[in-house]
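When a residue number appears, it is its place in the shown sequence, counting from 1. These numbers come from a predicted model, not from an experiment.
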Amino acid sequence: MKLHKNHPFHLVDYSPWPLYGALGAMTLMSGLTKWFYTQQNTLLLLGMMITMMIMYQWWRDISREGTLQGLHTFMVTVGLRWGMILFIISEVFFFISFFWGFFHSSLSPSVEIGMIWPPKGISPFNPLQIPLLNTLILLSSGITVTWAHHALMENNYSQTIQGLLLTVVLGLYFTVLQAYEYMESAFTIADAAYGSSFFMATGFHGLHVIIGTTFLLICLIRQVNNHFSSSHHFGFEAAAWYWHFVDVVWLFLYISIYWWGS
């Protein structure tokens, strides 16, 4: 790698992590399929271990590029911002497809499900119980991550750590409550269009909460190691954007699927 260059861009070095990450993801999906059909989870655990090792090493290299090596210049950061914005836009349309399917089935229920919504025999969740608590948890986490962001911009690193830690704890709390809700569910993903719509939309949202919590946890670890400053912290900003996106999607899920759809 050349230490001196006459341009502000970051031309990445050769890296094994994309190839190894793809192999890890293939192993993970193969293991998941095997677990579904044979109830054997050895390959699944191997795929998870490979994927987590690759994630750690790949993120370690990116953190070094952005801090110790100083390769994330202003122009590079602008490109990263646009990349994150376009990624979130793609995620918006991903969830629009689920809402589209839900409203298509609920506004005009077909004969096969009795022309009523929810279909007969399905007992939906009470929106004033765990769903409302999860809504309060996510709204609170949006406040704490904003608090952490403003504290970082004011060079108050102790409050940044406190705000990030609270956000991660709230994200984990949300995931635990959603898992409990799934275990207590009176219907499954195989129960007509309602079950499919409910578990696909809320399940993928739950996956995004886990991803966002991991994102913020990495930011917390980096903040403890003094990787961020008030003027150079795009990794944290990207995590905060993603978390606010997750919050907004949940509000639409709560209003449409839990409240109106029940």
Side-chain angles (χ1 to χ4, degrees), residues 5 7-12 55-92 94-95 133-175 205-254:
K5 55 188 181 181
H7 59 81
F9 302 101
H10 176 206
L11 304 179
V12 296
M55 286 164 57
Y56 169 76
Q57 294 172 99
W58 200 345
W59 294 347
R60 175 204 62 191
D61 289 354
I62 294 173
S63 296
R64 286 175 178 171
E65 291 169 0
T67 53
L68 302 177
Q69 296 175 347
L71 296 173
H72 287 183
T73 61
F74 175 77
M75 290 296 292
V76 174
T77 305
V78 169
L80 292 173
R81 287 177 183 276
W82 276 109
M84 192 66 194
I85 289 169
L86 293 173
F87 170 68
I88 291 177
I89 291 173
S90 72
E91 293 281 74
V92 168
F94 176 76
F95 277 100
L133 177 58
N134 269 343
T135 303
L136 295 175
I137 289 170
L138 276 190
L139 290 176
S140 300
S141 70
I143 295 172
T144 55
V145 76
T146 303
W147 168 38
H149 189 194
H150 282 275
L152 179 59
M153 292 174 67
E154 295 172 0
N155 294 314
N156 191 334
Y157 294 158
S158 62
Q159 285 197 15
T160 304
I161 292 173
Q162 293 171 20
L164 272 172
L165 182 60
L166 274 173
T167 309
V168 170
V169 169
L170 289 169
L172 292 172
Y173 188 26
F174 177 94
T175 301
H205 177 268
L207 177 63
H208 282 69
V209 170
I210 294 172
I211 293 170
T213 304
T214 307
F215 204 170
L216 290 167
L217 178 61
I218 299 301
C219 289
L220 174 61
I221 295 170
R222 293 188 65 191
Q223 176 61 25
V224 170
N225 289 293
N226 296 314
H227 283 192
F228 298 134
S229 69
S230 59
S231 59
H232 191 82
H233 56 266
F234 175 69
F236 178 88
E237 277 188 304
W241 291 355
Y242 189 83
W243 196 250
H244 288 308
F245 158 73
V246 169
D247 285 351
V248 172
V249 170
W250 175 258
L251 289 176
F252 281 102
L253 282 173
Y254 177 75

Engineer: What heavy-atom pair brings Cys219 and Phe236 nearest, and what distance separates the two atoms?
Structural biologist: SG-CA, 3.8 Å
Engineer: Search all heavy atoms of His244 against all heavy atoms of Gly142 and return the closest pair with its distance.
Structural biologist: CE1-O, 3.6 Å
Engineer: Can you list the steps and then say if Phe234 with Trp241 is a ring-ring contact (aromatic ring centres under 6.0 Å, His included)?
Structural biologist: CA-CA 10 Å; Phe234 175 69; Trp241 291 355; 5.7 Å; yes
Engineer: Looking at Thr73 and Gly70, what are the two nearest heavy atoms and their distance?
Structural biologist: CG2-O, 4.3 Å
Engineer: Please tell me if the side chains of Trp147 and Thr160 come closer than 4.5 Å, counting only heavy atoms from C-beta onward.
Structural biologist: no
Engineer: Once you round to the nearest 0.5 Å, how far does CG of Leu139 lie from CG of Asp247?
Structural biologist: 6.5 Å
Engineer: Can you establish whether the number of heavy atoms outside Tyr173 located under 6.0 Å from its atom OH is more than 12?
Structural biologist: no
Engineer: Compute the ring centroids of His72 and His232, then answer whether they are less than 6.0 Å apart.
Structural biologist: no
Engineer: Within the supplied structure, the quantity of interest is the number of heavy atoms (other residues, nucleotides, ligands) at a distance under 6.0 Å from Phe94 CZ; does it exceed 12?
Structural biologist: yes
Engineer: Would a 4.5 Å heavy-atom cut-off, applied to side chains only, mark Leu253 and Trp250 as touching?
Structural biologist: yes
Engineer: Taking the side chain as C-beta and beyond, is there a heavy-atom pair between Leu138 and Trp243 under 4.5 Å?
Structural biologist: yes
Engineer: Heavy-atom distance under 4.5 Å between the side chains of His150 and Gln159, does that happen here?
Structural biologist: no
Engineer: Counting only heavy atoms not in Phe252 (residues, nucleotides, ligands), do more than 12 fall under 6.0 Å from its CZ?
Structural biologist: no
Engineer: Could you check Leu207, Thr214, Thr213 and say which one makes a side chain to side chain contact (heavy atoms under 4.5 Å, CB included) with Ile211?
Structural biologist: Leu207
Engineer: Show your reasoning for whether ring-ring contact (aromatic ring centres under 6.0 Å, His included) applies to Phe174 and His205.
Structural biologist: CA-CA 11 Å; Phe174 177 94; His205 177 268; 5.7 Å; yes
Engineer: Would you call Val145 and Tyr242 a side-chain contact if the rule is heavy atoms closer than 4.5 Å?
Structural biologist: no
Engineer: Quick one: does Val249's side chain get under 4.5 Å of Val246's, heavy atoms only?
Structural biologist: no
